[in-house]
Number of protein chains: 2
Amino acid sequence: MDSDSAVVADNINAIEDREATPRAKPPDKINIRDVAGEAGVSVATVSMVINNNPRISRATHGRVQRVIDRLGYRPSRPAQTLSGKYTQVIAVLLPALRHALADAYFGELLSGIADRAGKLGHKIIIEQAKPQYVKDGKHIELYERKFIDGYLCLGFNDKHKMLTDLATRQFPAIMVDNRFAGNQLDWIHCDYRLGAEQAMNCLLQLGHRKIAMIFAAPESATARDVLEVYTRRMAEQGMDRVDAWMADGMFTPEGGAAAAEKLAGAHPDLSAILCGNDKMALGAMHYLAQKGISVPNDVSIIGFDDIQHLPFIHPSLTTVHLPLYELGTAAVDRLIEKVRGKAGSVTEVLPTHLILRGSTSIVRNR
Amino acid sequence: MDSDSAVVADNINAIEDREATPRAKPPDKINIRDVAGEAGVSVATVSMVINNNPRISRATHGRVQRVIDRLGYRPSRPAQTLSGKYTQVIAVLLPALRHALADAYFGELLSGIADRAGKLGHKIIIEQAKPQYVKDGKHIELYERKFIDGYLCLGFNDKHKMLTDLATRQFPAIMVDNRFAGNQLDWIHCDYRLGAEQAMNCLLQLGHRKIAMIFAAPESATARDVLEVYTRRMAEQGMDRVDAWMADGMFTPEGGAAAAEKLAGAHPDLSAILCGNDKMALGAMHYLAQKGISVPNDVSIIGFDDIQHLPFIHPSLTTVHLPLYELGTAAVDRLIEKVRGKAGSVTEVLPTHLILRGSTSIVRNR
DNA sequence: ACCAGTTGTTAAACTGTTTTACTAAGGCTA
DNA sequence: TAGCCTTAGTAAAACAGTTTAACAACTGGT
């Protein structure tokens with residue numbers, strides 16, 4: 001009977017299956033061997049077709065590619081990584097700031113990074129380096145367990161000692177928009193010096209001399225670049241004791257407002273304020289408006305960043321444009337080159353430019 | 001002598017190594033076999049130690065663990081993934097909005113997702129579903145090439161047809177803070193109906209009847225939930241033709257301002273505006289302030305989201321708090337359960353609550 | 001006709017882990 | 001004391017690719 005022979009067949013199959021593939025695999029999950037069998041070539045050939053190896057002839061390539069398409073075969077990334085050298089994943093490390101993932105500055109950098117990485121067939125993993133995270137050595141695991149090929153470090157400064165972990169181990173890593181103490185790490189950042197010169201040129205040419213500065217995070221090298229230019233340009237104008245003309249605005253609008261209050265209180269005759277970023281400039285403008293001090297008629301304001309989508313700011317903000325998106329794309333390029341061993345040490349600077357808008361005007365005697 | 005026998009042993013090892021591994025491997029890269037050899041156990045035992053398998057005795061576990069620590073061994077994730085079932089990575093898909101990565105709403109969701117995923121030993125990959133990305137089928141590759149275990153979809157609505165690709169293939173995926181056409185996908189979202197009821201209760205109890213609404217994205221199910229409650233509650237008050245009381249604010253402050261202008265023009269007697277999110281509420285308030293219309297004396301405003309860090313908003317905004325952070329953590333939990341096969345279909349709602357601040361007050365005859 | 005060189009393809013080794021089936025030893029019951 | 005569970009550990013197969021040495025089939029030169 002059919003059922004009998006079926007049983008026998010089943011038993012035979014069961015034995016053979018036991019020998020060949022103990023657990024039956026779902027037939028829809030096809031691998032490189034299936035493709036090779038179907039195309040009548042070896043797995044090596046299929047692998048070479050996938051990777052566009054020129055050793056394969058056009059004819060074979062086409063034939064195999066057709067089988068791949070027909071079967072809907074997709075190479076397993078974990079297998080490729082295990083066998084090959086790279087993960088095609090890069091980590092984006094952020095500091096433990098509460099709203100880092102909702103920030104215009106990081107958002108612009110991340111857009112550039114994500115777009116470029118995607119275009120180059122890389123994925124990005126985003127991690128926030130919270131204290132416990134660092135204590136557990138998760139940032140080291142990331143590379144050592146072969147999750148990633150390398151790191152992009154955003155928003156860190158000299159205080160973040162965990163970066164030395166990456167430096168001493170020689171992991172491929174690039175600091176984005178900053179430098180790290182003693183150049184232990186490769187870096188690429190906007191030309192904050194140039195930006196500061198552009199801003200100071202603008203204010204000085206408009207006749208301003210009593211220029212205050214709202215800075216933030218002096219533990220960051222690029223922030224110090226700006227401070228240094230500001231200090232020098234002021235000294236050139238005979239203003240030697242600038243310390244009383246500077247206040248920390250903590251990178252936030254509220255901090256900017258508080259700093260503006262402090263500065264305006266100490267120097268009622270100030271005619272311009274240079275701000276370390278747009279958010280602090282926004283806060284300063286808000287404070288001045290409340291006090292009935294007109295921007296730009298009484299006080300001129302310049303920011304840094306040129307963040308998009310500042311809603312309803314009046315007057316519009318004159319600012320130093322930082323090419324953050326381009327910085328993100330360039331950082332990805334440099335990191336991948338570094339991973340591939342094609343790059344020596346990376347130290348690169350991207351030019352800024354001033355965007356003249358409504359918050360600056362010629363100085364007026366007050 | 002000891003040194004002699006050591007030399008002999010070395011030679012034997014050298015020969016065996018030559019046979020086993022033709023190319024010399026860098027000695028710093030140690031694997032499970034090295035650990036097994038050093039500890040005098042099989043690789044299986046080491047594997048079981050790593051994974052805390054109870055089959056291993058306390059004594060052996062301790063001995064092997066010590067070797068692991070001494071050698072600084074870290075299991076290779078790609079190898080674990082290849083051999084095992086899971087990648088321990090989840091994809092966060094975002095729509096192709098220009099500043100999605102700099103948005104307070106997404107930022108809060110992402111924080112919850114990132115924190116919870118990290119705590120559970122998972123990594124997150126963030127991808128924006130741009131047209132070309134979808135056309136290339138990258139969103140499908142992500143799962144089929146075993147980059148990830150599953151998807152969290154943020155900010156999508158019924159218009160995003162690419163989600164059906166995930167649904168038809170039965171990939172583990174959860175829509176976060178929305179539903180998808182015909183419930184093809186699992187979802188978890190804030191209780192927008194409840195939020196709308198809370199907001200309407202508030203306004204009605206304050207005596208408001210001429211309540212306008214600034215909505216956005218009616219192609220989104222949760223947005224429709226709010227509209228539906230608004231329409232019903234208005235109808236209960238005898239207000240049947242509400243269409244003229246509604247305007248699309250596009251989720252942006254500018255859109256909110258424009259919508260407020262349109263509504264205030266059509267209904268100079270309106271006494272309150274319900275806004276689909278805080279950003280549009282902000283825009284509406286800005287427009288009203290410019291027109292000399294006082295909030296809340298002349299017009300009450302209620303928003304949705306309770307986004308943090310709205311700088312210098314006066315009066316402070318009464319709003320429906322959405323538990324976005326918690327939603328993010330819950331979404332991760334549900335997705336991982338689903339990946340592990342521990343969950344059936346996921347349809348979950350998280351309660352909202354009203355935060356009463358300064359932008360609402362009792363109605364006043366105008 | 002023979003040898004060298006080029007081209008295209010293959011077999012086999014290798015990547016680093018998990019898992020399953022098996023074994024040996026020890027303890028318990030009948 | 002034989003028989004049967006447990007317990008703790010091992011050997012080997014599987015996972016799904018890449019890489020390389022070797023080889024076969026041509027081509028061209030002498």
Side-chain angles (χ1 to χ4, degrees), chain A residues 15-26 28-37 39-64 68 71 73-88 144-147, chain B residues 16-26 28-64 68 71 73-88 144-147:
Chain A
I15 290 164
E16 287 181 353
D17 277 5
R18 168 76 42 105
E19 296 234 335
T21 59
R23 274 191 308 284
K25 75 173 176 197
D28 50 0
K29 201 58 196 146
I30 71 140
N31 61 25
I32 199 172
R33 260 164 275 265
D34 300 331
V35 175
V41 296
S42 73
V43 295
T45 301
V46 179
S47 173
M48 288 167 136
V49 167
I50 294 167
N51 297 290
N52 286 311
N53 189 313
R55 292 254 298 274
I56 300 299
S57 67
R58 287 200 56 73
T60 308
H61 185 107
R63 184 156 42 88
V64 173
I68 287 176
L71 267 46
Y73 164 68
R74 314 260 193 180
S76 152
R77 237 302 116 189
Q80 289 184 313
T81 298
L82 179 60
S83 167
K85 235 164 131 58
Y86 305 117
T87 65
Q88 312 254 71
E144 292 202 330
R145 298 191 56 193
K146 242 179 175 242
F147 275 102
Chain B
E16 287 178 354
D17 278 6
R18 167 72 44 101
E19 296 236 337
T21 59
R23 271 190 310 284
K25 73 177 172 191
D28 50 0
K29 201 58 196 149
I30 72 138
N31 61 24
I32 199 173
R33 255 168 282 264
D34 301 331
V35 175
E38 187 74 14
V41 296
S42 73
V43 295
T45 301
V46 179
S47 173
M48 288 168 137
V49 167
I50 293 167
N51 296 290
N52 285 310
N53 189 312
R55 289 253 299 274
I56 301 300
S57 70
R58 286 202 58 71
T60 308
H61 185 107
R63 185 158 41 89
V64 172
I68 288 175
L71 267 46
Y73 163 68
R74 314 261 194 180
S76 152
R77 235 306 110 190
Q80 289 183 314
T81 298
L82 179 59
S83 170
K85 236 165 128 62
Y86 305 117
T87 66
Q88 313 252 72
E144 292 203 329
R145 299 192 55 192
K146 244 179 173 242
F147 275 102

For [X] and [N], what is the distance between atoms [atom1] and [atom2] respectively, to the nearest whole Å?
| X | N | atom1 | atom2 | answer |
| --- | --- | --- | --- | --- |
| A:N53 | C:dT7 | CG | C1' | 12 Å |
| A:M48 | D:dT19 | CE | P | 9 Å |
| B:F147 | D:dG17 | CZ | P | 12 Å |
| A:I56 | D:dT19 | CD1 | P | 13 Å |
| B:D34 | C:dT17 | CG | C1' | 13 Å |
| A:Q80 | D:dG17 | CD | P | 7 Å |
| B:N52 | C:dT18 | CG | C1' | 15 Å |
| A:K29 | D:dA14 | NZ | P | 19 Å |

For this session: Map A:S57 and B:G84 onto DNA chain C by nearest heavy atom, then report which one ends up closer to the 5' terminus.
Result: A:S57
Seminar exercise, completed: Comparing A:G40 with B:Y73, nearest DNA chain C nucleotide closer to 5' gives the residue A:G40
Problem set entry | Closest non-hydrogen atom pair, A:I32 against A:V43 |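 The pair with the smallest heavy-atom distance is CD1-O, 3.8 Å.
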Sugar-phosphate, base or nothing in reach of [X], heavy atoms under 4.0 Å:
| X | result |
| --- | --- |
| A:V41 | sugar-phosphate |
| A:R74 | sugar-phosphate |
| A:T81 | nothing |

Exercise. For the side chain of B:S76 and the base of C:dG16, is some donor closer than 3.5 Å to an acceptor across the two?
Worked result: no
Exercise. To the side chain of B:R55, which of D:dA8, D:dA21, C:dT17 is closest?
Worked result: D:dA8
For this session: State which of D:dC15, C:dT10, D:dT18 makes the closest approach to the side chain of A:T45.
Result: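 Closest nucleotide to the A:T45 side chain: C:dT10.
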[X] vs [N]: side-chain N/O to OP1/OP2 distance below 4.0 Å:
| X | N | result |
| --- | --- | --- |
| A:S83 | D:dT18 | no |
| A:S47 | D:dG17 | no |
| A:N31 | D:dG17 | no |

Exercise. Got a second to check how far A:L82's CG is from B:Q80's CD, nearest 0.5 Å?
Worked result: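 Answer rounded to 0.5 Å: 11.0 Å.
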For this session: Check for a donor-acceptor pair, side chain of A:N31 on one end and backbone N or O of A:D34 on the other, with a separation under 3.5 Å.
Result: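 Yes: the side chain of A:N31 pairs with the backbone of A:D34.
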